[in-house]
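What follows is a short report on a single structure.
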Amino acid sequence: MAILINDRDHVYLIMEDVMIATQRTLMRKLSELDREGFYEMDSDPEVHKYIFKQPIGSLEEAEEGIRFIQSQYKKYGTGRLAVVDRNSNEFLGWCGIKFIEGPWNNVSNFYELGYRFTQKHWGKGYATETASAILDYAFAKLPTDVIYAITDPQNSGSRHVLEKLGFVYHGLFELDGSSTTWYILPKETWINRAKTR
């Protein structure tokens, strides 16, 4: 049974295969059908400039990445979602909440917001649009009062998105040998911001 929830600019279709809609996009679980778009995104060195610097090199690696995210759906009940154009169904990237066992920055068992888009779709507001809908969904449906986020300190674009969403910078920490920003968004802050949207 599907439950349709209308909430301002967002529409949620709550079912086994979660679907979240924004004005321009649909977000759903990643599938093997996304492999070409996933490959285009993750094989681009510019996309990986601030994340691992290890772009993938084949469709098989794209499929492995998709399977890894699918395993998180099964294990944790949440994970990154494919973002597709509402009209054309073109793969734009992914956005979603990942469960992190950690520890990261001395915090364990928490939810983290992440997003990644194909380079040709940068600068169009998709990260803010989809992350906003994801946060509405997460705070309504997940058992947490806080969402965390990280990014490379030099990634000004990603930091701008997080701060626009209301995340507060809480310093740097070391993750896999690299200096990483630490951002926090309490549920109460998000709810109070929603009242003024």
Measure the spacing between [atom1] of [X] and [atom2] of [Y] and express it to the nearest 0.5 Å.
| X | Y | atom1 | atom2 | value |
| --- | --- | --- | --- | --- |
| Ile69 | Lys98 | CD1 | NZ | 8.0 Å |
| Leu92 | Met41 | CG | CE | 10.5 Å |
| Ile184 | Thr189 | CD1 | OG1 | 10.5 Å |
| Asp42 | Ser58 | CG | OG | 11.5 Å |
| Cys95 | Ile134 | SG | CD1 | 5.0 Å |
| Thr25 | Leu81 | OG1 | CG | 10.0 Å |

Pairs flagged by salt bridge (charged side-chain N to carboxylate O under 4.0 Å, His left out) wherever residues 173-189 is involved - sequence neighbours left out =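 Output for this query is empty, none listed.
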Determine which pairs satisfy salt bridge (charged side-chain N to carboxylate O under 4.0 Å, His left out) with at least one residue from residues 68-83, sequence neighbours left out, and list them in order.
->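 Every pair satisfying salt bridge (charged side-chain N to carboxylate O under 4.0 Å, His left out) with a residue in residues 68-83: Lys75-Glu101, Arg80-Glu112.
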Honestly curious: do [X] and [Y] fall in one hydrophobic cluster under the side-chain, below-4.5 Å linking rule?
| X | Y | answer |
| --- | --- | --- |
| Leu162 | Trp122 | yes |
| Val83 | Val47 | yes |
| Ile100 | Val146 | yes |
| Tyr76 | Ile20 | yes |

Can you list the residues that meet the side-chain contact (heavy atoms from CB on, under 4.5 Å) rule with [X], with sequence neighbours excluded?
| X | result |
| --- | --- |
| Gln154 | Tyr50, Asp152 |
| Val161 | Tyr115, Ala127, Thr128, Leu165 |
| Leu142 | Thr78, Ile97, Tyr111, Ala138, Thr144 |
| Ser88 | Asp85, Glu90 |

After noting the C-alpha distance and the side-chain angles of Phe117 and Trp94, does the key distance pass the side chain to side chain contact (heavy atoms under 4.5 Å, CB included) rule?
-> CA-CA 6 Å; Phe117 290 88; Trp94 56 244; over 6 Å; no
Exam field: side chain Thr180 to backbone Ser178, donor-acceptor pair closer than 3.5 Å =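 Side chain of Thr180 to backbone of Ser178, a donor-acceptor pair under 3.5 Å: yes, one is there.
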Between the main-chain N or O of Leu172 and the side-chain N or O of Thr181, is there a donor-acceptor pair closer than 3.5 Å?
->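 Looks like no, no N/O pair under 3.5 Å.
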How would you list, by chain and number, every residue that makes a salt bridge (charged side-chain N to carboxylate O under 4.0 Å, His left out) with [X], sequence neighbours excluded?
| X | answer |
| --- | --- |
| Arg159 | none |
| Glu63 | Arg35 |
| Glu36 | none |
| Arg24 | Glu129 |

Validation row: Tyr126, Thr22 side chains within 4.5 angstrom (heavy atoms) |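 Not touching, per the 4.5 Å side-chain cut-off.
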4.5 Å side-chain heavy-atom contact, Phe99 and Gln72 |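 They are not in contact (no side-chain heavy atoms under 4.5 Å apart), so the answer is no.
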Write down the atom of [X], the atom of [Y], and the distance for their closest heavy-atom approach.
| X | Y | result |
| --- | --- | --- |
| Gly102 | Ser108 | C-OG, 4.3 Å |
| Ile66 | Ser31 | CD1-O, 3.5 Å |
| Ala149 | Leu113 | CB-O, 4.0 Å |

Is any side-chain N of the basic residue among Lys49 and Asp44 closer than 4.0 Å to the acidic one's carboxylate O?
->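 Asp44 and Lys49: not salt-bridged.
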Leu135 and Ile147: CA distance, side-chain angles, deciding distance, side chain to side chain contact (heavy atoms under 4.5 Å, CB included) verdict | CA-CA 8 Å; Leu135 288 167; Ile147 302 288; 4.1 Å; yes
Pairs where residues 148-170 contributes a residue and the test ring-ring contact (aromatic ring centres under 6.0 Å, His included) is met, not counting sequence neighbours |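 ring-ring contact (aromatic ring centres under 6.0 Å, His included) check on residues 148-170 returns Phe110-Tyr148, Tyr148-Trp182, Tyr169-Tyr183.
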Where does the angle between the aromatic ring planes of Phe139 and Trp190 fall among parallel (under 30°), tilted (30 to 60°) and perpendicular (over 60°)?
->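 Aromatic pair Phe139/Trp190 classed tilted.
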Which residues, ordered by chain and number, are linked to Leu33 in its hydrophobic cluster, where ILVMFWY side chains connect at heavy-atom gaps below 4.5 Å, directly or through other members?
->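 Once heavy-atom contacts under 4.5 Å are chained together, Leu33 still belongs with nothing else.
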